[in-house]
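Let me begin by presenting the structure, written as structure tokens, before commenting on it.
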Amino acid sequence: MSEHKNFRIRWGMAIDLDKCTGCGACVVSCQVENNNAPLVDASDKERIVNWLTVYRLENGKSFPDAEVAYLPRPCMQCGNPSCVPVCPVVATDKNEEGGIVSQIYPRCIGCRYCMAACPYHVRVFNWFDPVWPKGMEKTLTPFTSTRPRGVVEKCNFCHQRWDMAKEKARKDGTDPMDLPEGAYVPACVETCPTGALVFGDLNNKDHKVSQLAHGPHARRLLERLGGDPQVYYISRRDWVLDLLDNHLAGEAGHGKAEGGHHG
Amino acid sequence: MAKPIDSALFPGDFPRCSLLKFLIWLSFWGVLFLAGIYAAYVVFANGLGMTGLTNYFAFGLYITFDLAVIALGAGAFFSGLLRYILNMDELKNIINLAVIGGFFCYSGAMLILTMELGQPLRAWFGFWHPNVHSMLTEVIFCISCYLLVLTIEYVPLIMEQKHLNKVPFLHNFAHNMHIFMPLFAGIGAFLSTFHQGSLGGMYGVMFARPFVFREGFFIWPWTFFLFVMSAAAVGPCFTTLICKCIELASGRQMTTWKVKQLMGKISGTMLSLYLFFKLIDTYNWAVNLLPTLGETYEQMFHGLVYGQWLFWLELGVCGVIPAVILLMKPLRNNHTLFWTACILACVGISLNRYTVTVQGLAAPVMPFDVWRVYTPRWTEILPSIMVLAYGVIIVSLSYRYLPVFPQEKELNQAPAEG
Ligand code: SF4
Ligand code: SF4
């Protein structure tokens, strides 16, 4: 449907699932950085407007063999996104240098077809008018737009931080298209206390993310569906890697773990 | 018996029930309609959070209902195609009803669609910023244009109302529109084929959703063709069922058994064709496609709510059985079997629209995800009932005041046949 585009820079992430403790700092920093309104009813998890979700994975064994891993899930910024070709009004697109899937809020008509198409449940909808509790509206960052009720939104790798990094590079007289590692990192990556999240240009061999993505312990979520995600998960545990894709009985990789839910 | 006080407005000199009785009937449906309007107000005022939809179930009853009524309303395009383009003259006795049915189904679906959008005021963006790759864009274009065509087909019938028709301008206008009807039928058939197909294509192209994903033929997934065929199959059934409802409510016969049988035969043929391809498609999906995605047929079903019984009910009980009945003359000619088959076929296609919409999203794709259950809330159920009530009101008014059935007079003078 949509043609595969090549970009000079392809921002991507590598997430070490053996380092992630499931603390949720990334979720909170994402929420604050991107002006996500808190839910009035916090128990309504299925209508939450968090862009980043932490899933809990289990190996399905009982004590003492039971193991747990936590999987933070930002937007995969798919190379072949299932969400983009379906949008009837081009409110979401993967067209801009950097390979980030964008979302134009004033264009979105709220049909939610993109949400139905994305298998990672990355996209969230504004089911209600966003309300910030009194006093909290003062903490809104001026660098990110707030979104009205009725549009779909999602993680964009804190795109505003890339804009700022480019501006700084221009001011410093360096090439904004050749940023040094660490000049642009999303909020979740910056906040992660264990350094589980690594960010950079997948096309740049000098960037750590590129090396990790090509390493022996890297796997992507639902790789065989063909979305070509730009987020790589790293683990040295086979059961964790196996849980990143669907496998038939008898295929390398085995079955599914029990449960699993939003953290 | 004294004539009802609005008898001067009736088509011909056909008897109709008293105005009081008619008003009580209309009020009943009017109340249901208003209840739906209230639900719509609640949703428009407070947002889609008032519905049972969630981030997990982006589509639910609204879309299911839309898809189902649009398929059932396909009687208009398919009967129009057969009547005007293929010259099946017998269908002239039921084509008016098919147009009315199509009109209320499509206009009703449009009402629900505006509620379905998070930003209803931006609905026109579909025309202004179209994404030519999206099947939904095609749906937006074709449904809007086709509703216009249906309106153009319905208007001459309104102008044939006894008093309106006395106005020379309206008389001539209606007459001229009739002359152009084959053209509109052609345009309607073209538009309808495409959006029925695109509605199916919308699901088939979701390559990351194994329950609905289907590869296909050039840019079209198989679901594109399956939706067209299934809509053409149930459209005539649904029109015939509306006719039967009018007959039951009025105690009068509207069309001959022969016309109903013809409609049933058309449905049976299309349903068989549809099932032939649907079964091949399903087999290929289960045996070849799903394993390439690392999934099995069994994994596509879960528990009671999303159990395999839905699959067998849709394709067996509401698919193969009505297809056999409608295709075989001796079975079709049996009244009980005939009406059972018509109802089953309509239920089967509605069920198909439900599974692709709800089960398609409920089936977890990430290995560590779990099945979720979607339950529609009153804010979704009442608007659906509203569209049904709206349909009953339109059909009732049309039947009472417009010359919908050319055979009504002749059939109710002679002893009823069949
Ligand atoms: S993860 Fe989902 S929302 Fe993000 S690009 Fe891929 S399909 Fe689109
Ligand atoms: S919800 Fe918005 S972004 Fe998603 S497909 Fe519809 S218009 Fe496009």
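A, B, ... follow the sequence lines: proteins, then strands. Residue 1 opens every chain.
Of all heavy-atom pairs between B/L136 and A/V86, the closest is CB-O, 4.3 Å. Minimum interatomic distance between B/S134 and A/C87 (heavy atoms only, all atoms of both residues): CB-O, 3.5 Å. The shortest non-hydrogen separation linking B/F207 to A/N80 is CZ-O, 3.3 Å. For A/V89 against B/N131, the heavy-atom pair with the smallest separation is N-CB, 4.2 Å. Considering every non-hydrogen atom in both B/M366 and A/Y120, the closest pair reads CE-O, 3.6 Å. Between A/F128 and B/N46, the shortest heavy-atom distance links the atoms CD2-O, 4.1 Å.
Here the straight-line distance linking atom CG of B/L48 with atom CZ of A/R47 works out to 9.5 Å at 0.5 Å rounding. Rounding to the nearest 0.5 Å places CG of B/N55 at 8.0 Å from CD of A/E46. Of the inter-residue distances, the one linking A/E58 atom CD with B/F368 atom CZ reads 12.5 Å to the nearest 0.5 angstrom. To the nearest 0.5 Å, atom SG of residue A/C108 and atom CD of residue B/Q119 are 7.5 Å apart. To the nearest 0.5 Å, atoms CZ (A/R112) and CD1 (B/I63) are separated by 7.0 Å.
The candidate from A/P106, A/G226, A/G227 with the greatest count of non-hydrogen atom pairs under 4.5 Å with chain B is A/P106. Chain B forms more heavy-atom pairs under 4.5 Å with one residue of A/S82, A/C114, A/A116 than with any other, namely A/A116. Residue with the most contacts toward chain A among B/G126, B/P120, B/A208, B/P291: B/A208 (heavy-atom pairs, distance under 4.5 Å). Chosen from B/G360, B/G47, B/G49, the residue pairing most often with chain A at heavy-atom distances under 4.5 Å is B/G49.
Contacts between B/T357 and chain A at a heavy-atom distance below 4.5 Å are absent for every atom of the residue. Of the two parts of B/L53, the backbone and the side chain both hold a non-hydrogen atom closer than 4.5 Å to a non-hydrogen atom of chain A. Using a 4.5 Å cut-off between heavy atoms, B/I140 touches chain A through its side chain atoms alone. Looking at A/C118, only its backbone comes within 4.5 Å of chain B, counting heavy atoms on both sides. For a residue to count as touching a neighbouring chain, one of its non-hydrogen atoms must lie under 4.5 Å from one of that chain's; by this rule B/F127 does not touch chain A.
Remark: A/S62 engages no residue in a side chain to side chain donor-acceptor pair (under 3.5 Å) (not counting sequence neighbours). Scanning for side-chain contact (heavy atoms from CB on, under 4.5 Å) contacts around B/L117 gives A/I109, A/C111, B/A123, with sequence neighbours left out. Every residue two or more places apart in sequence or in another chain was checked for a salt bridge (charged side-chain N to carboxylate O under 4.0 Å, His left out) with B/E314, and none qualifies.
Near-neighbour residues of residues 148-155 of chain A relative to chain B, defined by a heavy atom under 4.5 Å from a heavy atom of that chain, comprise A/P148, A/R149, A/G150, A/V151.
Counting heavy atoms of neighbouring residues, nucleotides and ligands inside a 6.0 Å radius, atom CZ of B/F44 exceeds 12 of them. Heavy-atom contacts from other residues, nucleotides or ligands closer than 6.0 Å to OH of B/Y297 number more than 12.
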- Check against side-chain contact (heavy atoms from CB on, under 4.5 Å), B/L293 and A/N246: CA-CA 7 Å; B/L293 306 173; A/N246 290 301; over 6 Å; no
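Distance alone, capped at 3.5 Å, places no donor-acceptor pair between the A/Y113 side chain and the B/M135 backbone.
Looking at B/P367 and A/L222, their side chains come closer than 4.5 Å, going by heavy atoms from C-beta outward.
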